[in-house]
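Data block below; observations after.
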Protein chains: 2
Amino acid sequence: MAEELNNRSQNILEVIVEDYITSAEPVGSRAITRRHSFNLSPASVRNVMSDLEEMGFLCSPHTSAGRIPTEKGFHYYIDSLLQVRDLSKEEETRLQSSYRFKDMKMEDIMQEVGRVMSGLSNYTGLVMAPKFASTVFRQIEFVRLSHGRLLVIYVSETGLVQNKVIAADPSLTARDLEQISNYLNREMTGLSIPKVREKVARELKAERIRYDELQKQALELSREALQEEAEDLVFVSGTSLMLEQPEFSTPDRMKRIIRTLESKKALIELLDRSQMAQGVQIFIGSQSEHTEIEGCSLVTASFSNKKGAIGTLGVIGPVRMPYSQVIPIVDFTAQLVSRILEREAE
Amino acid sequence: MAEELNNRSQNILEVIVEDYITSAEPVGSRAITRRHSFNLSPASVRNVMSDLEEMGFLCSPHTSAGRIPTEKGFHYYIDSLLQVRDLSKEEETRLQSSYRFKDMKMEDIMQEVGRVMSGLSNYTGLVMAPKFASTVFRQIEFVRLSHGRLLVIYVSETGLVQNKVIAADPSLTARDLEQISNYLNREMTGLSIPKVREKVARELKAERIRYDELQKQALELSREALQEEAEDLVFVSGTSLMLEQPEFSTPDRMKRIIRTLESKKALIELLDRSQMAQGVQIFIGSQSEHTEIEGCSLVTASFSNKKGAIGTLGVIGPVRMPYSQVIPIVDFTAQLVSRILEREAE
DNA sequence: ATTGGCACTCATCATGATAGAGTGCTAACA
DNA sequence: TGTTAGCACTCTATCATGATGAGTGCCAAT
């Protein structure tokens, strides 16, 4: 994979990628010698470019345009050439001060994170809140609706609130429900959802449960309440910023990208892929499969608290993206959110 | 306002509007005589069209194109010419069966309503959930987060769940909070939010409150919890359908419309205007002010249960919209949602 | 190995010609 | 007096044409 490139080729590839990132237009040999003082003539540069094209790092849209980096070119650039400097203390505080999370509930925090990150980077922001299953039980409450239907409200350790309607024995009184939730809150608090599920299953099998109808009800209800994964929360901010990018300037491309951003499902799939990884992840172009986001890159990072509630955030934009600026923003934001989740859990 | 139009003019205006609705292109005199069997020559039609243009119902994009209806033309069409037939029983059941609300929580219902309505009409769907202040108190719960911050969960009569973070005395124990919520649930259930606020204010002033610290705390907390209006919930579905419309086919228009649909604030303002009215409301074009939605029409209707929780739903699309099909869809959906809210409140 | 020179390619833009759709006007007609 | 046919006129959309300029590829000279 890691092909050899001599120094000169690297330099030239680098400036081509960088020029292309700022201009969005094919860059030619003359332009390179004009803007960067290699001591080389355009003709020499052309030779190198020709080689780079041969190797698949560059391509030309047509015979007499300049060259643009291929996805492979971008990969090489990111892996070998790009250097992301750490943020200075001042930058960090400046960045931090963009975010205002005072007294916000979880959902609003996620939304705000997306908005600010999008604003800072000028690309479309994506935030996927921690998955239900990765959260830690804190509290559960039941509210009776009509026809024996119950509204279950579940609060995770980090203050994420989810609710869901389930069917239940209509004869349950408010008093019963209170006892049930008391029981569950006493027993389950602090356990992760999979652990809760496990415990519920175990208890339901246990012998003594047969003698306590209410307790049995409690377990049944909690099983129903926690069984199915509530749909994931994805927040998209700054959709219209995508449309400002020249690569999506035609009506056709606009439609495509909007449709993609509209379909939460596709986004979840994308974001899921970087769920596990540590630090910033970069997906360039379709990266096999996923033709929906042809021409797009994704810069993501996961956040979590110590107890393991994991979410993912990042920005999506054209492959031609100023990674050196975007990466620190995403990186820092993920760390920031992790810290907030810690604080929330206390 | 209601200008006089003779029969012939009305007929011609009608077919022009309708042809334009289906074709999205200027309609000429010949096309009219060809497609509709008036016993008139194109020349006569031209005379009438010329008159209609004079009166401001039509305009021509340029000298030798056909004519297109002005907003005034559409207004006249909708007010005087359009006849919306009621849905047949079969159509109603067919429509109804598109919606699947089984065991859904409020938020999902709103989302689903938007999606289905958008799918049925092929335009972008908008749903604004009942405003916080228009709901009826059902239940309130408190969850302790870190640093004396409290998560308040409020459930309305219709099953709408809202939550919010407030600051509170860190020394309050879980036991205290339970008592507090018990007290509030006992006292406030069934009251509308304004009534609750009123009651809280009154009680806080009352003499005896001084002697019961916990009760005082309860009132303080509920005041804080219910004081500020949580931001309105607006659901937009089928954004990309907008981009299929020829009137938004240029990159520029696409950007504008996407930006508008992205800004919930603008949408809320729009939807608020039809809040009060009974039945279906139609806003054509900018309708003075609101230049953001230039070229757009809005068909909306409000829904509510008997206790008065009011929301608004509708579709947005180009002025050139098949109102005769869209109106019944919106109308029926609003009634359907009202019924669901009733059921929910029971 | 590098470079200057040169022919060649291709997209872009302005120009102009043409076809087609539709109007407005006028004169003839019922 | 209302209706119609005819005709000149206008405007757009489309296509072909040619000029321009940026950029390449190759070759021979350094």
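Excluded from the calculations below are hydrogen atoms, water molecules and symmetry mates; all remaining heavy atoms, backbone and side chain alike, are included. What you see is a predicted model; the values in this text were computed from it and never measured. Letters A, B, ... are given to chains in the order of the sequence lines, protein chains preceding strands, and every chain is numbered from 1.
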Nearest-angstrom distance from the residue atom CE of A/M49 to P of D/dG25: 8 Å

Salt-bridge present (B/R253, B/E247; N to O < 4.0 Å): no

Gap between atoms CZ and C1', on B/R67 and C/dG24 respectively (whole Å): 9 Å

Stretch residues 19-42 of chain B: residues that reach within less than 4.0 Å of DNA chain C through a heavy atom: B/G28, B/S29

Between C1' of D/dG2 and CG of B/N6, the distance in whole Å: 12 Å

Nearest heavy atoms of B/L126 and B/M117, plus distance in Å: O-CE, 3.8 Å

N/O (side chain, B/S44) to phosphate O (OP1/OP2, D/dT4) under 4.0 Å: yes

Between B/S80 and B/Q10: side-chain donor-acceptor atoms closer than 3.5 Å: no

No-hydrogen, no-angle side-chain donor-acceptor test under 3.5 Å, B/Q245 and B/R320: yes

Whole angstrom value for the distance that separates C1' of D/dT24 from CG of A/L52: 15 Å

Whole-Å distance separating the CZ atom of B/R46 from the P atom of C/dT23: 6 Å

Value in whole Å for how far the P atom of D/dT24 lies from CD of A/E54: 16 Å

Residue A/A43, side-chain atoms from C-beta onward, closest of C/dG4, C/dT9, D/dT12: C/dG4

Whichever of B/S64 and B/R8 has its nearest DNA chain D nucleotide further upstream toward 5': B/R8

Lys/Arg N to Asp/Glu carboxylate O, B/R259 vs A/E244, below 4.0 Å: yes

Test item: A/T124 side-chain N/O and A/G238 main-chain N/O as donor-acceptor pair under 3.5 Å: yes

Rounded distance (Å) that lies between atom P of C/dT2 and atom CG of A/D51: 11 Å

Candidate pair A/K255 and A/E262, rule salt bridge (Lys or Arg N to Asp or Glu O under 4.0 Å), full reasoning: CA-CA 10 Å; A/K255 282 192 220 169; A/E262 204 180 0; over 6 Å; no

Please enumerate all protein N or O atoms sitting under 3.5 Å from an N or O of nucleotides 27-30 of chain C, with distances to 0.1 Å.
none

Between D/dT1 (P) and B/N47 (CG): distance, integer Å: 15 Å

Minimum heavy-atom distance B/G285-B/V319, with the two atoms named: N-CG2, 3.9 Å

Parallel, tilted or perpendicular: ring planes of A/F38 versus A/H36, cut at 30 and 60 degrees: tilted

